[in-house]
Amino acid sequence: MIVGIDLGTTNSLVGVVDSGFPILLADAAGKRLLPSVVHWPPAERGAVLTGEPARRMLAVDPAHTIASVKRFMGRRPAELDPATSGQHPLATGPDGSLAIGLGSDFHSPEAISAEILKQLKRTAEAALETTVDRAVITVPAYFNDAQRQATKRAGELAGLTVERILAEPTAAALAYGLDKLSESSKVAVYDLGGGTFDISILELNKGVFQVIATSGDTRLGGDDLDHAIVSWMESRLAPARPAEAAPRLREAARDAKEALSAREEVEILLPFLDNRSNHRLTLTRTEFESLAAPLVKRTRAHCLRALADAGITDPAGELDAVVLVGGSTRIPLVRRFVAELFGKEPDISQHPDEAVALGATIQAGMLSGALRDLVLLDVTPLSLGIETFGGLMNVIIPRNTTIPAKAGELFTNAVANQPSMLIRVLQGERELARDNWDLGQFTLAFEPGPKGSARIGVQFEIDANGILRILARDTHTNTDRVLEISSAAVNVEDEAVERMISESVDHAFEDMNERIWTEAKLKSDELLPAVDAAFGLIGDQLDPAEKGAIETAAAEVRAALSADPHDAPRLKRANQTLDEATETLAAMLVEQAYARALAEKKTLPT
Ligand code: ADP
Ligand code: MG
């Protein structure tokens, strides 16, 4: 089992594919979003906290608590701008690597991120009741090699083998099901999270997304909107309040902002500002939008740049989809802005703050095999069947059948005293066995008997993993033979499928003629010896005119048989004439056989 993880700047999530469905896992409190905050006190003062409890410690014990550690991943001290380091001291290790001071202890960004990953691992293990040690983890598209390596190390420190590092926009596109778009489709992924903005343009090539352009601002996100609301509140609240109220003001601002995505107006209660009075403020959506507009507009230049880098001049015409990612894209103003900028309504079918984790989960499911059937194998690309007597293709599961599938047919022996039957498994759309592809073969032995006496059931079953099982059973003796064919039944190159289908169309007429011919020839091969045998037995009892008619008809069948090229309709007609001409002969045969049987019958004692 492999889990998918969105290790976000603000929030992190974990998911897994369960019985074919990607699901995100909730912690004991029912929460899927884990705030990416770590509280790491000195060992003697208690355990490391993550998530909501750690976030509360941001206000109480900021020295030992850190948010947005993702900004430090894989960075060297010299690369960091002062805004990133925040209130924590930084140190440089002997190898030039970065360490972040939490109180007097220094920890690497990987070790801190590992605490978030350990928490997600615990959530997954509790939900799934099994150990989890493999993961797909997402990173921003612009992460360089050092940043990706650091993310991988964080996973390893948390006891996870990182099976793949996946770009966030690619994950989001997977979550929105965009891998089902046609070849070389282009999509834009607009990701406005808590502290970062990313715009990516992807192109789908052979079912895989490539990031063809990316731009963004690592200092722009929902936090800025919270600050804007705090400033607005401060302008309305005089005089100055105690400094320790700041984190709570921010929290009130965030709650108000999130509520305004669904409502037109919110009441903000600030009972904690002083001991004497309660403060109550009303913020309308319109007012909020005027605060937010300048910030949202800052994403515009990045979008235009990414479009230009991707060589897109007409986004409405050239983009096949625009998808929204990141909690801040729940804001109606942001949605309107995106629709207007790209000239296209964004796809809002997924929860924007869960899309990346969902995509990571789908990727994890594809890697572990849990999703193979869902993603890759939905229908049989070509018909499956067996060769029957005369070299014809007998289809058992037609092409485009949804998988899993099961179908069967009953066959018999074409020749008397045949000791076994050869089951040749074929794939393709052609009428003649030899023009289709051979997937495998086996023989089933049965008790020799007259022609048509055997009863052989052949069943084809394709399971969800694309494994084809062929079961052949002699229904008289109940002996079974089973053949398993791994994935050849469903994993066929697109080009080969196309070739097979176009060939079958090109040859449709001759193929059909060949099938009718072969079937007619089987019938002639049965009729002619039967007529000869009957003539030998009772030919002299026949009316000469009738005998002449039979001989003419039989001669026509022989002539049709040796005609070149094959004339299937002629042979079919000849068979029919012969069949009709022998009606009296056949009736006489039956009567005589009946009379013989009666004569041989022993009388029972009375
Ligand atoms: P990240 O990718 O940075 O880890 P998320 O995608 O989880 O973060 O986005 C977090 C941001 O989304 C926060 O600023 C949060 O306040 C904001 N957010 C979440 N829900 C809403 C909402 N309903 N309306 C507006 N903003 C929201
Ligand atoms: Mg994110």
Side-chain angles (χ1 to χ4, degrees), residues 4-15 24 31-38 50-52 54-55 58 66-71 73 113 116-117 120 137-143 151 166-173 175 189-200 214 216-230 247 249-264 266 283 285 288-289 291-293 295-296 299 323-338 348 350-361:
I5 291 177
D6 171 9
L7 185 59
T9 311
T10 315
N11 294 302
S12 298
L13 300 97
V14 62
L24 299 178
K31 291 267 192 312
R32 295 194 289 260
L33 252 60
L34 177 76
S36 303
V37 183
V38 176
T50 55
E52 201 48 55
R55 187 156 82 173
L58 273 176
I66 178 166
S68 308
V69 68
K70 187 172 176 176
R71 297 187 186 286
M73 294 291 278
S113 288
I116 298 169
L117 292 170
L120 295 174
I137 304 181
T138 56
V139 296
Y142 59 78
F143 255 29
T151 304
L166 182 66
E168 288 166 12
T170 303
V189 180
Y190 182 102
D191 181 350
L192 190 59
T196 56
F197 167 65
D198 297 304
I199 173 76
S200 312
T214 169
D217 185 338
T218 54
R219 294 265 146 214
L220 176 62
D223 296 346
D224 298 295
L225 304 177
D226 303 348
H227 289 138
I229 296 176
V230 169
L249 273 183
R250 271 206 303 278
E251 226 153 274
R254 197 189 63 220
D255 290 347
K257 171 192 72 176
E258 294 182 1
L260 281 174
S261 291
R263 283 191 280 147
E264 289 297 328
V266 282
L283 180 61
R285 187 186 280 178
F288 167 65
E289 289 188 347
L291 295 173
L295 290 162
V296 175
T299 66
V323 302
L324 297 178
V325 179
S328 301
T329 62
R330 288 186 189 270
I331 298 169
L333 171 71
V334 173
R335 297 190 167 181
R336 290 204 307 275
F337 175 83
V338 172
I348 51 164
Q350 300 296 323
H351 292 307
D353 36 14
E354 296 184 346
V356 169
L358 194 65
T361 300

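Read the numbers this way: they start at 1 and go in the same order the structure lists the ligands and their atoms. What's counted below: heavy atoms across the whole structure, side chains too, no hydrogens, waters or symmetry copies. Here the structure is a predicted model, which is why all the values come from computation and not from measurement.
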Trainee: Under a plain distance cut-off of 3.5 Å, with no hydrogens placed, do Tyr190 and Thr299 share a side-chain donor-acceptor pair?
Mentor: yes
Trainee: Under 4.0 Å from a heavy atom of Gly194: which atoms of ligand 1 are those, numbered in the order shown and with their elements?
Mentor: 1 (P), 3 (O), 8 (O), 9 (O), 10 (C), 11 (C), 13 (C), 14 (O)
Trainee: Would you mind running through ligand 1 and noting each atom that sits below 4.0 Å from a heavy atom of Ser261?
Mentor: 22 (C), 23 (N), 24 (N), 25 (C)
Trainee: For residues Asp353 and Leu13, report the shortest heavy-atom separation together with the two atoms involved.
Mentor: O-CD1, 3.5 Å
Trainee: I need the contact type for Arg330 against ligand 1. Using non-hydrogen atoms and a strict under-4.0 Å cut-off, is it side chain, backbone, both or neither?
Mentor: side chain
Trainee: Which pair of heavy atoms, one from Leu166 and one from Gly359, lies closest together, and at what distance?
Mentor: CD2-O, 4.2 Å
Trainee: For residues Arg335 and Thr329, report the shortest heavy-atom separation together with the two atoms involved.
Mentor: NE-O, 2.7 Å
Trainee: Look at atom 14 (O) of ligand 1 and say which protein heavy atom is nearest, naming residue and atom and giving the distance to 0.1 Å.
Mentor: Lys257 NZ, 3.2 Å
Trainee: Is the side chain of Arg71 donor-acceptor paired with the backbone N or O of Gly195 at a distance under 3.5 Å, no angle test?
Mentor: yes
Trainee: Take a 6.0 Å sphere around CD1 of Ile348 and say whether it holds more than 12 heavy atoms from other residues, nucleotides or ligands.
Mentor: no
Trainee: Taking all heavy atoms of Asp224 and all of Arg219, pick out the closest pair and write down the distance.
Mentor: OD2-O, 3.5 Å
Trainee: Any atoms of ligand 1 less than 4.0 Å from a non-hydrogen atom of Asn11? List them with their elements.
Mentor: 4 (O), 5 (P), 7 (O), 10 (C)
Trainee: Output yes when Arg55 and Glu52 qualify as a salt bridge under the 4.0 Å nitrogen-oxygen rule, no when they do not.
Mentor: yes
Trainee: Could you check atom 19 (C) of ligand 1 against the protein and tell me its nearest heavy-atom contact, residue, atom and distance included?
Mentor: Glu258 OE2, 3.5 Å
Trainee: Pull out every atom of ligand 1 sitting under 4.0 Å from any heavy atom of Gly326, numbered as shown with elements.
Mentor: 6 (O)
Trainee: With atoms numbered from 1 as shown, which atoms in ligand 1 lie under 4.0 angstrom from a non-hydrogen atom of Thr10?
Mentor: 1 (P), 3 (O), 4 (O), 8 (O)
Trainee: Around atom 2 (O) of ligand 1, find the nearest protein heavy atom and jot down its residue, atom name and distance.
Mentor: Gly193 CA, 4.2 Å
Trainee: Under 3.5 Å, N or O to N or O, is Asp226 touching ligand 1 that way?
Mentor: no
Trainee: What atoms of ligand 1 come closer than 4.0 angstrom to any heavy atom of Gly8?
Mentor: 4 (O)
Trainee: Pull out every atom of ligand 1 sitting under 4.0 Å from any heavy atom of Arg254, numbered as shown with elements.
Mentor: 16 (O)
Trainee: Checking a contact table here: which protein heavy atom is nearest atom 6 (O) of ligand 1, and how many Å away?
Mentor: Gly327 N, 2.9 Å
Trainee: Pick one: which of Asp198, Leu324, Val323, Ile199 meets side-chain contact (heavy atoms from CB on, under 4.5 Å) with Val189?
Mentor: Val323
Trainee: Considering all heavy atoms of both residues, which atom of Gly221 and which atom of Leu192 are nearest to each other, and what is their separation?
Mentor: CA-CD1, 4.0 Å
Trainee: Give the atoms of ligand 1, by number and element, whose distance to some non-hydrogen atom of Ile331 is under 4.0 Å.
Mentor: 25 (C)
Trainee: Can you tell me if Ser328 has a non-hydrogen atom under 4.0 Å from ligand 1?
Mentor: yes
